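See structure below.
Here the structure is a predicted model, which is why all the values come from computation and not from measurement. Both ligands and their constituent atoms are indexed starting at 1 by order of listing. Start at 1 with the first residue, then count along the sequence. No hydrogens, no waters, no symmetry mates; every other heavy atom, side chains included, goes into these values.
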Amino acid sequence: MKIKAGILGCGYYLPEKIMTNADLEKIVDTSDEWIRTRTGIEERRIAAEGECTSDMALKAAERAIASAGIKKEDIDLIVLATICPDYAWPATACMTAAKLGFDDIPAFDVSAACSGFIYALTVARSMVESGLYKKVLLIAAEKFSTYLDWTDRNTCVLMGDGAGAMIIGEGSTSEIMSTYISADGSHPDYLCQPGGGSVHPLSQEVLDKKLNFMHMNGKEIYVNAVEKMPLALDKAMQLAGVTPEQVDFTIFHQANIRIIQYIAKKFNVPDEKNIVNIQKYGNTSAATIPIAFAEAWEAGRIKKGNIVAFSAFGGGLTWGGAVVKV
Ligand SMILES: CC(C)(COP(=O)(O)OP(=O)(O)OC[C@H]1O[C@@H](n2cnc3c(N)ncnc32)[C@H](O)[C@@H]1OP(=O)(O)O)[C@@H](O)C(=O)NCCC(=O)NCCS
């Protein structure tokens with residue numbers, strides 16, 4: 001019989017340190033009012049000194065394993081979405097595996113920026129449904145604070161650190177009803193870390209020009225996000241065979257409250273069905289959706305049997321959507 005993958009457990013981790021908009025006012029020429037009205041963000045979490053992406057991934061993973069009620073040894077594959085790796089290479093999934101106590105398990109990263117979770121979910125689902133792996137530990141973890149120029153008000157106010165995780169395996173009741181992913185690489189410059197790769201290898205000039213930090217064309221990203229995120233949501237719902245009315249909750253990538261509200265309005269999603277936490281955590285890139293999912297699950301807001309629809313957009317450009325029955 002055909003294997004159907006589902007979500008067996010979930011968890012999330014956020015660093016303790018809170019950075020408020022008032023804290024940012026002391027660093028760059030910005031205001032709480034500007035950040036709140038333009039983005040919806042009130043505060044974000046910042047990883048402790050020495051706390052790296054795999055440390056956050058580990059904590060989210062441990063909570064997801066406990067939530068699934070499985071033994072760690074049941075996991076046979078680790079897929080980790082990040083663009084804030086511990087090292088340029090090897091993959092952060094490998095260090096996370098080692099920290100979990102594994103020394104003989106496949107582990108690799110998926111790089112799809114803020115759409116990373118949807119991409120990794122697609123990979124995990126395919127691995128389970130092909131029969132190749134039984135229990136995939138899917139993690140999205142980002143230490144974005146490392147990649148921010150803290151003198152650039154255009155970018156440093158937007159992002160935060162955090163991690164979310166899920167166990168994907170054959171579901172008895174839960175089911176990943178659809179996944180949809182796509183990309184257009186003709187505009188890498190709209191949102192990227194230009195320096196440190198093979199185009200601009202690390203050099204004094206790269207550091208002087210601050211090319212090792214996040215660079216963004218906010219307007220282009222905004223315009224593309226409001227086009228692609230509804231498209232991805234629509235595709236995912238069509239593939240799942242559900243209407244917006246049948247969806248119990250939506251979780252959109254938490255990049256900007258105005259983008260979130262635009263999509264919600266387009267699909268007639270009332271506030272009580274739209275899970276939003278951008279005010280507390282900012283944009284944690286690939287981690288926004290699994291953090292919001294696990295937080296809502298732990299709070300008892302999302303329940304077994306609910307249908308939840310996701311949509312994300314990010315650098316690449318990449319975008320994607322998914323519909324899951326919990
Ligand atoms: C970045 C973003 C919030 C800017 O909002 P906006 O309403 O488009 O603002 P604008 O770009 O028109 O900038 C307006 C002014 O605010 C200024 N500004 C930018 N950041 C600021 C800040 N943190 N504080 C105060 N002023 C700021 C700009 O310099 C600009 O000033 P100017 O008109 O004198 O040049 C918005 O474009 C956005 O959300 N884009 C998508 C970002 C995103 O989602 N990124 C991640 C994708 S996964």
Proximal ligand 1 atoms for Thr39, defined as those under 4.0 Å from one of its heavy atoms: 3 (C)
Shortest protein contact, atom 43 (C) of ligand 1 (heavy atom only): Ile221 CG2, 3.6 Å
Is_contact(atom 33 (O) of ligand 1), protein non-hydrogen, under 4.0 Å: no
Which residue and heavy atom of the protein sit nearest atom 19 (C) of ligand 1, plus the separation: Asn154 OD1, 3.2 Å
Stepwise side chain to side chain contact (heavy atoms under 4.5 Å, CB included) test for Ile75 and Ile167: CA-CA 8 Å; Ile75 293 165; Ile167 306 294; 4.3 Å; yes
Non-hydrogen protein atom less than 4.0 angstrom from atom 26 (N) of ligand 1: yes
What pairs of donor and acceptor atoms, side-chain ones from residues 92-103 against any protein atom, are under 3.5 angstrom apart with sequence neighbours left out?
{"residue": "Thr92", "atom": "OG1", "partner": "Asp86", "partner atom": "N", "Å": "3.0"}
{"residue": "Thr96", "atom": "OG1", "partner": "Thr92", "partner atom": "O", "Å": "2.8"}
{"residue": "Lys99", "atom": "NZ", "partner": "Ser54", "partner atom": "OG", "Å": "2.7"}
{"residue": "Lys99", "atom": "NZ", "partner": "Asp55", "partner atom": "OD1", "Å": "2.7"}

Nearest protein heavy atom with distance in Å, relative to atom 29 (O) of ligand 1: Arg153 NH2, 3.1 Å
Option of least heavy-atom distance to atom 6 (P) of ligand 1 (set: Met159, Arg38, Glu220): Arg38
Glu272 atom CD: more than 12 heavy-atom contacts under 6.0 Å: yes
Gly218 neighbourhood, listing ligand 1 atoms whose heavy-atom distance to it stays under 4.0 Å: 37 (O), 40 (N), 41 (C)
Side chain, backbone, both or neither: Val157 near ligand 1, heavy atoms under 4.0 Å: side chain
For atom 24 (N) of ligand 1, closest protein heavy-atom neighbour: Thr30 OG1, 2.6 Å
Minimum-distance protein heavy atom relative to atom 42 (C) of ligand 1: Met216 SD, 3.7 Å
Asn21 and its side-chain hydrogen bond (donor to acceptor under 3.5 Å, both in side chains) partner, picked from Glu42, Arg44, Arg36: Arg44
Option passing ring-ring contact (aromatic ring centres under 6.0 Å, His included) with Phe117 (candidates Tyr12, Phe310, Phe252): Phe310
Identity of the nearest option to atom 38 (C) of ligand 1, non-hydrogen atoms only, from Asp152, Leu24, Asn256, Thr318: Asn256
Within reach of ligand 1, part of Asn283 (heavy-atom separation under 4.0 Å): side chain
Nearest-neighbour protein heavy atom for atom 8 (O) of ligand 1, which is reported as residue plus atom name and distance: Arg258 NH2, 4.2 Å
Test item: protein heavy atom less than 4.0 Å from atom 2 (C) of ligand 1: no
Any protein heavy atom < 4.0 Å from atom 40 (N) of ligand 1: yes
Nearest neighbour in protein (non-hydrogen) for atom 48 (S) of ligand 1: Cys114 SG, 3.1 Å
Protein residue, atom and distance nearest to atom 16 (O) of ligand 1, heavy-atom basis: Trp34 NE1, 3.3 Å
Stepwise side chain to side chain contact (heavy atoms under 4.5 Å, CB included) check, Leu207 with Leu202: CA-CA 7 Å; Leu207 295 177; Leu202 210 52; 4.1 Å; yes
Mutual orientation of the aromatic rings belonging to His187 and Tyr190 [parallel < 30°, tilted 30-60°, perpendicular > 60°]: parallel
Glu245: side-chain hydrogen bond (donor to acceptor under 3.5 Å, both in side chains) partners, not counting sequence neighbours: Thr243
Whether over 12 other heavy atoms sit under 6.0 Å from Lys134 NZ: no
Between Thr82 and Asp109: side-chain donor-acceptor atoms closer than 3.5 Å: no
Any protein heavy atom < 4.0 Å from atom 22 (C) of ligand 1: yes
From CA spacing to verdict: side chain to side chain contact (heavy atoms under 4.5 Å, CB included), Arg45, Met56: CA-CA 12 Å; Arg45 300 298 178 95; Met56 296 192 291; over 6 Å; no
